[in-house]
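Since the structure comes first, as structure tokens, the remarks are kept for the end.
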2 protein chains.
Amino acid sequence: MRQKRTTIIDLAKACNVSKTTISFAFNNPERIGKDTYDLIMQKAQELDYIPNPAGRNFSLKRKQTIGFLLPQHFEGTLSNPYITQVIQGIGNICNIKDYTLTLIPPFNGSMNEAVYKVSVDGLIAMGINVKMDVVESLRKMFIPFVTIDGRPGENMPTININDKKASYDLMKEVLKRGHRKISIVALKENLFEKDSKFESTTQIRMAGFEEALNEYNLSINNDNIYIYDEECYLEAGMNVAAKIVKDNKKTTCIVCMSDVIAIGCITYLKQNSFKVPDDFSIVGFDNIQTASIVTPHLSTIMQPSVEKGEIAAKTLFELIEGNAIETLHKILPHEFIDRESLKDIN
Amino acid sequence: MRQKRTTIIDLAKACNVSKTTISFAFNNPERIGKDTYDLIMQKAQELDYIPNPAGRNFSLKRKQTIGFLLPQHFEGTLSNPYITQVIQGIGNICNIKDYTLTLIPPFNGSMNEAVYKVSVDGLIAMGINVKMDVVESLRKMFIPFVTIDGRPGENMPTININDKKASYDLMKEVLKRGHRKISIVALKENLFEKDSKFESTTQIRMAGFEEALNEYNLSINNDNIYIYDEECYLEAGMNVAAKIVKDNKKTTCIVCMSDVIAIGCITYLKQNSFKVPDDFSIVGFDNIQTASIVTPHLSTIMQPSVEKGEIAAKTLFELIEGNAIETLHKILPHEFIDRESLKDIN
DNA sequence: CTGAAAGCGCTTACAG
DNA sequence: CTGAAAGCGCTTACAG
């Protein structure tokens, strides 16, 4: 076996033709003579020549890949089925376009550094805001991008559900069923959102909760409403349930901003001989598959995660191909799914 | 705002220096004078210059990304938590190396075509065999690669558990508890394995099952053992459970090659008022997180999925960096996890 | 401390 | 039908 990969020059020499002709053989065979073509293909076989996509892509000023900016490191991102499903959706479109999907973790904690070093035709991010550094970098680099669960801003395509309404709907259900002592488990803000000057999804959902609470003369600062912040892991859900039990505030319902956390709560409570929903009602957010597997089945807000990814990717490809996009800020439907974990205590 | 991305040439002109100097400013600032450096940085700001990683990478003959060859399209791959965890493991190492991870779906159904078009420093694949086309292509392209759950072959690093022993252990437990009428749900072979001349993980696990069965004077062809092939989806698990019920062969235990399928079975059976494990015992394979969430908790074979990914990635980076690797074929430990879904019927 | 030039592996407008 | 040459955006050995 040879020592280095065969290049177009090696093959050109071996065939006594120019690089141009080799290139044509592989990309526009109709432009060259049959004999030349046959010779080239035969020699290509002999020399194990496979055109190097890196060279081709560089010359064509494209990358044949789009990027997905992970909101956190891999472990924190891929352990959340909601995000995994968004990635599935993006992937479905990549499949159609024969593109690959580059997963981009923060480079030593910084999204912006990651963006600097990355080579993609376009980018999808979660939860970014027009005013963030990343957005400015992306613009300087002329990299098209769209954001999922980010705040709509000028000239930045976004895909969202109506988070405020969704969380309002969720809390409203909880209140309708008679719950007045409520523990809210919010999402710890991610890397993008650390900067408190930006409105985050967490904050928006809080506003939705508040609106529903107000209708019942309650508010987030009320003595009966308790707030917890957690990372989005099953274990975090178990820990927060332990805290809630220990705090002993007579909470009747735990409202989580994520199914993963809600399922963690259920798991902990069951392990510790509490009855769900008799001792504690629990609701979640996202409607991941496990929500309908866990016992009791989790009542939650369904959001179309795969579709979010698909629409984001479709939009991104429009941008990459230089086409106009119909709607800059797309809002997808959500729905309260009533299963077993929310009890009517009226 | 300008119309095109600023290049090194634009900046060189604006600063009245050579491209070399610009390049040094960004990569070896100690090699140039302070004044020149300051000027360059200031102009870079003004002109929104960010070095183009595509150019840099191409020049350096690297890609700063490794690839993961998806065994199927995105949806089928990412909906399996086992694979998602392998990807997490790979990602953990990418994080350390400041590399991105490129997910590569088959290009119109062909892994080989995908490989042809892709530009990565190295590749991790699942379930490939030395004799496959992909392997030959990868070699022609001088792309280092390692395979997870593939058949060990010369000069191809592999990461596996001992699948034969693991499935033997699993079946042995089932038999020890008195089960004699057993339905086995095998994995439908994936793209890589379609070619029946290659030994697949499915086949190896079957051999492990057989070995245990033989010890009890049973065999796969025995009248009491029923074989089903299914894709690795929850829905497929539900369907196969329906079939098993309908076939009415007095099966007492369903042995699945994947937790996803096993959980699908449980879900179906519960929905249809069967008791697990009283009416049917069920065991799985992988030990995904949901295995300990579903009721009854699933007894299964644990395999270290995240670690598989991590070791694969570490090995790949050794290859990329031209270092020697200690063990060509790594075998990781597995373990039978006894939970609630396998009943002793002795 | 700085620059001219060659090179990374291709594509393609242009000429013949 | 085929080729010489310029170009994609950088890096770097070499010279001064």
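Of the two residues near DNA chain D, A/T36 and B/N52, the one whose nearest nucleotide lies more 5' is A/T36. Along DNA chain C, the nucleotide closest to B/Y37 and the one closest to A/I50 are compared, and the more 5′ of them pairs with B/Y37. The nearest heavy atom of DNA chain C to A/T21 and to B/K61 marks one nucleotide each, and the one closer to the 5' end goes with B/K61. Take the nearest nucleotide of DNA chain D for B/P51 and for B/R31: the residue whose nucleotide is more 5' is B/P51.
Checked against the 6.0 Å centroid threshold, B/Y116 and B/F107 do not count as a close aromatic pair.
B/T20 comes within 4.0 angstrom of a nucleotide base, judged by non-hydrogen atoms across all strands. Heavy atoms of A/N27 sit under 4.0 angstrom from primed sugar atoms or phosphate atoms, though from no base atom. The residue A/Y49 sits close only to the backbone: its heavy atoms come under 4.0 Å of sugar-phosphate atoms, none of a base.
Between the side chain of A/R5 and the backbone N or O of A/I50, at least one donor-acceptor pair lies under 3.5 Å. Side-chain N or O atoms of B/T77 include one that pairs as donor or acceptor with a backbone N or O of B/H73 at under 3.5 Å. Under a 3.5 Å cut-off, the side chain of B/T65 and the backbone N or O of B/V120 do not form any donor-acceptor pair.
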Review item, side-chain donor-acceptor pairs of residues 88-95 of chain B, under 3.5 Å, at least two apart:
{"unit_1": "B/N92", "atom_1": "ND2", "unit_2": "A/E75", "atom_2": "OE1", "d": "2.9"}
{"unit_1": "B/N92", "atom_1": "ND2", "unit_2": "B/E310", "atom_2": "OE2", "d": "2.9"}

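Comparing the C1' positions of C/dT12 and C/dG16 gives an interatomic distance of 16 Å, to the nearest angstrom. Nucleotides D/dC1 and D/dA5 place their P atoms 24 Å apart, quoted to the nearest Å.
Remark: the A/T21 side chain and the A/S18 side chain contain an N/O donor-acceptor pair separated by less than 3.5 Å. A donor-acceptor contact under 3.5 angstrom links the side chains of B/Y82 and B/K308, judged on distance only.
Where DNA chain C pairs in unbroken runs of 3 or more (Watson-Crick or G-U, both distances under 3.5 Å), the stems are C:1-3 with D:14-16, C:5-12 with D:5-12, C:14-16 with D:1-3.
Around CZ of B/F26, the count of heavy atoms belonging to other residues, nucleotides or ligands within 6.0 Å exceeds 12.
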*Can you check side chain to side chain contact (heavy atoms under 4.5 Å, CB included) on B/T100 and B/Q64, steps first, answer last?*
CA-CA 7 Å; B/T100 57; B/Q64 292 272 79; 5.7 Å; no
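Read 5' to 3', the first and last nucleotides of DNA chain D with an atom closer than 4.0 Å to a heavy atom of chain B are D/dG9 to D/dC14.
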